[in-house]
Amino acid sequence: MSTYTVPFVINGEERRVDNTFDVISPGTGKVVHQCGIATEADVLEAIESASAAGQQWRNTPASQRRDILLKAAEIMSNRRDELAQYMIDEVAAPRGWADFNLNLVIDMFKDVAGRVVAIEGTVPPCQPGLSTMVVKEPYGVVLAIAPWNATYILGTRSILFPLAAGCTVVFKGSETAPRAHHAIVSILSEAGLPKGVLNYIVTDPPHAPSVTEALVVNPNVKKINFTGSTAVGRIIARLAGQHIKPLVLELGGKAPAIVWEDADLSLAAEQCTLGAFFFSGQVCMSTERIIVHKKVSEAFQEKLQAAVEKIYSSKGDAPVLINTQSADKNKRFVKDAVAKGASVLIGNVDAEESSKTRLRPIVVNKVTPDMDIYKQESFGPSVSIIEVETEEEALRVANDTEYGLTSAVFTENLRVGLRIARGIESGAVHINNMTIHDEMPLPHGGAKSSGYGRFNSLPGLEEWVRTKTITWRD
């Protein structure tokens, strides 16, 4: 068993505490290391450290912030193998998923480094005899909370945009992937980030409610970003609302993919397979409902079966989920659907795998609104097929969910695709591509219960500054 303990980082110093919990790999079931359990006292120290560093950091020249981010990109590239192994150990990520995370984050550092100087004020015209300017100032201390699944992408973006805008950060990492999240902090420290600008704590599930509440309600915390489940997002939003604090929330999803009658069915089958089962469906943007035109449903299903077998061969190892509860939830959804009249097109919910955290892709046909799988987020390797005959019906089904993060449309007619895209209530629509798509030039966020606010691009940077109007007599 590993003797390594993941430390906190407070005021630039690593801190190890006596109380720890085991971090267990879902792939092997073995303890990979331990992690400290933060208390409310640690929360207070982290916030005080961030607050004390705030004035100096907000006045740091944009060029200095830019250079730190560019150096971080270089360090991350040099530490690639080490960082990938943390993801493999902690969340059972395939090496390809770990590399995807690292490639995107390296690009993220470079992209944001180039945007630091893009935060600009204005000098609007005013009444005669009066001059004015509108400046943009960083909020101050930001609380960043990130999940485990896209470990480096979601961890980095939660802190990167606030830091670039001149805010200081308290980063609450995931108890599932604490070493990977700690590595992000260590990279920025190595790149020259001053002490106290970025502070890192983690706690275990029993202490999470009290620690999170202490973070949210502290008066020195001025804004919050949270990526995770809608259930937890609601709790954080409620707390923040009571204390009049703004948030950026990226929450759950139930992404639809509409396969229209003129679609390239081979392309649609391939992209729906990837969108539904990439990293065992453990992505907030995963395809959860395939809405297919009745005229091409049978042909599409045949191609979907072939695509699933080609990409996720039944002869290979079954994909790993983060825990047995996640696998059990997906099995429960499928069994509920079958009991209410659905049929299983692909997969076997009762198959015995090498561990209880493994589950092969499952496609459920003839899904109806009374089934749990129709509306509840599975966050796993199960996807529904629903047949429709008109655009109006397709849009009604696509929008018949509390979520609105992302979606896809497959059609060879761009006008049809754009018309359908405008009718879907979601933060993104991808025509002839899978629902999973995220890159730096594109603002990322949801609608409805998938959250509000945006990451990425200039809107992602502007989230962390607020305007101040200054006027004077001429």
Side-chain angles (χ1 to χ4, degrees), residues 252-276 281 284-305 307-308 337 340-343 345-346 363-378 382-438 442-451:
K254 191 72 179 173
I258 297 175
V259 180
W260 209 236
E261 59 183 318
D262 65 339
D264 178 333
L265 297 183
S266 296
L267 174 67
E270 175 199 64
Q271 292 296 303
C272 285
T273 297
L274 292 170
C284 54
M285 296 176 282
S286 291
T287 304
E288 296 229 358
R289 295 184 299 162
I290 302 172
I291 302 165
V292 59
H293 198 289
K294 192 172 184 178
K295 287 183 179 178
V296 297
S297 180
E298 185 176 343
F300 170 76
Q301 290 179 41
E302 291 177 0
K303 291 184 178 293
L304 184 66
Q305 288 175 298
V308 171
K340 294 174 180 175
S343 60
L345 178 69
I346 299 171
V363 179
V364 185
N365 197 10
K366 301 177 182 177
V367 170
T368 56
D370 62 320
M371 301 171 185
D372 293 341
I373 201 171
Y374 180 86
K375 286 189 177 179
Q376 295 186 42
E377 183 182 24
S378 68
S382 59
V383 66
S384 307
I385 292 180
I386 303 164
E387 293 184 353
V388 296
E389 296 186 71
T390 66
E391 282 186 32
E392 291 76 16
E393 189 181 4
L395 287 172
R396 179 186 60 76
V397 174
N399 292 326
D400 188 19
T401 171
E402 67 171 310
Y403 301 107
L405 185 58
T406 186
S407 55
V409 181
F410 295 91
T411 174
E412 293 297 282
N413 187 326
L414 184 58
R415 288 182 178 177
V416 171
L418 290 172
R419 186 168 64 240
I420 293 174
R422 291 177 187 276
I424 299 176
E425 298 176 73
S426 70
V429 183
H430 305 293
I431 300 174
N432 292 330
N433 275 304
M434 63 175 161
T435 55
I436 300 174
H437 190 106
D438 184 22
L442 307 177
H444 179 75
K448 302 189 290 188
S449 292
S450 289

**Report entry** Straight-line distance of Ser407 OG to Ile431 CD1, nearest 0.5 Å
**Finding:** 9.0 Å
Requested in this report: Only counting residues at least two apart or in another chain, list the ones meeting side chain to side chain donor-acceptor pair (under 3.5 Å) with Asn399.
Outcome: none
**Report entry** Residues forming a side chain to side chain contact (heavy atoms under 4.5 Å, CB included) with Ser378, sequence neighbours excluded
**Finding:** Glu288, Asn330, Phe333, Ser382
Query - Exam field: side chain Gln271 to backbone Asn433, donor-acceptor pair closer than 3.5 Å - result: no
Requested in this report: Look only at the side chain of Asp264 and the backbone of Thr411, and say whether a donor-acceptor pair between them is shorter than 3.5 Å.
Outcome: no
Query - Phe300 side, atom CZ; Glu261 side, atom CD - distance, nearest 0.5 Å - result: 15.0 Å
Query raised in the report: Any side-chain heavy atom of Lys375 within less than 4.5 Å of one from Lys254?
Result: no
Query - For Lys366, all residues meeting side chain to side chain contact (heavy atoms under 4.5 Å, CB included), sequence neighbours excluded - result: Ser343
Report task. Using modelled atom types only, decide if a donor and an acceptor are shared between the side chain of Thr435 and the backbone of Thr287 within a distance under 3.5 Å. Result -> yes
Query raised in the report: Which heavy-atom pair separates Ala257 from Cys272 by the least distance, and what is that distance?
Result: CB-SG, 3.9 Å
Report summary line: Heavy-atom closest pair (Ala269 atom, Thr273 atom, distance to 0.1 Å) is O-OG1, 2.8 Å
Requested in this report: Apply side-chain contact (heavy atoms from CB on, under 4.5 Å) to Ile385 and Val292, showing your working.
Outcome: CA-CA 7 Å; Ile385 292 180; Val292 59; 3.8 Å; yes
Query raised in the report: Which residues satisfy the side chain to side chain donor-acceptor pair (under 3.5 Å) test with Thr401, sequence neighbours excluded?
Result: none
Query - Under the side chain to side chain donor-acceptor pair (under 3.5 Å) test, residues paired with Lys448 that sit two or more places apart - result: none
Query - Closest heavy-atom pair and its distance - Lys340, Asp370 - result: NZ-O, 3.0 Å
**Report entry** Close side-chain approach of Ile290 to Val363, heavy-atom, < 4.5 Å
**Finding:** no
Report summary line: Note: Gly252 and Leu405 closest approach over all heavy atoms is O-CB, 4.2 Å
Report summary line: To the nearest 0.5 Å, atom CH2 of Trp260 lies from atom CD of Glu391 at 5.5 Å
**Report entry** Straight-line distance of Ile420 CD1 to Glu392 CD, nearest 0.5 Å
**Finding:** 9.5 Å
Report task. State which residue, out of His293, Gln301, Lys295, fulfils the side chain to side chain donor-acceptor pair (under 3.5 Å) condition with Ser297. Result -> Gln301
**Report entry** Positive for side-chain contact (heavy atoms from CB on, under 4.5 Å) with Tyr374, one of Val364, Thr368, Val397
**Finding:** Val397
Query raised in the report: What are the two closest non-hydrogen atoms of Thr406 and Pro256, and how far apart are they?
Result: O-CD, 3.5 Å
Requested in this report: Report the C-alpha distance between His430 and Ile436 in whole Å, list the side-chain angles of each, state the deciding distance to 0.1 Å, and finish with yes or no for side-chain contact (heavy atoms from CB on, under 4.5 Å).
Outcome: CA-CA 9 Å; His430 305 293; Ile436 300 174; over 6 Å; no
Query raised in the report: Hey, what do you get for NE2 (His437) to NE2 (His444), rounding to the nearest 0.5 Å?
Result: 11.0 Å
Query raised in the report: Can you tell me how far the CD atom of Glu425 sits from the CD atom of Glu402, to the nearest 0.5 Å?
Result: 12.5 Å
Report task. Using side chain to side chain donor-acceptor pair (under 3.5 Å) as the criterion, list what pairs up with Ser286, not counting sequence neighbours. Result -> none
Query raised in the report: Do Val388 and Arg396 come within less than 4.5 Å of each other through their side chains, counting heavy atoms only?
Result: no
Query raised in the report: Which pair of heavy atoms, one from Ala394 and one from Ile291, lies closest together, and at what distance?
Result: O-CD1, 4.0 Å
Report task. Evaluate the criterion side-chain contact (heavy atoms from CB on, under 4.5 Å) for residue pair Val409 and Ile424; output intermediate values, then yes/no. Result -> CA-CA 10 Å; Val409 181; Ile424 299 176; 4.0 Å; yes
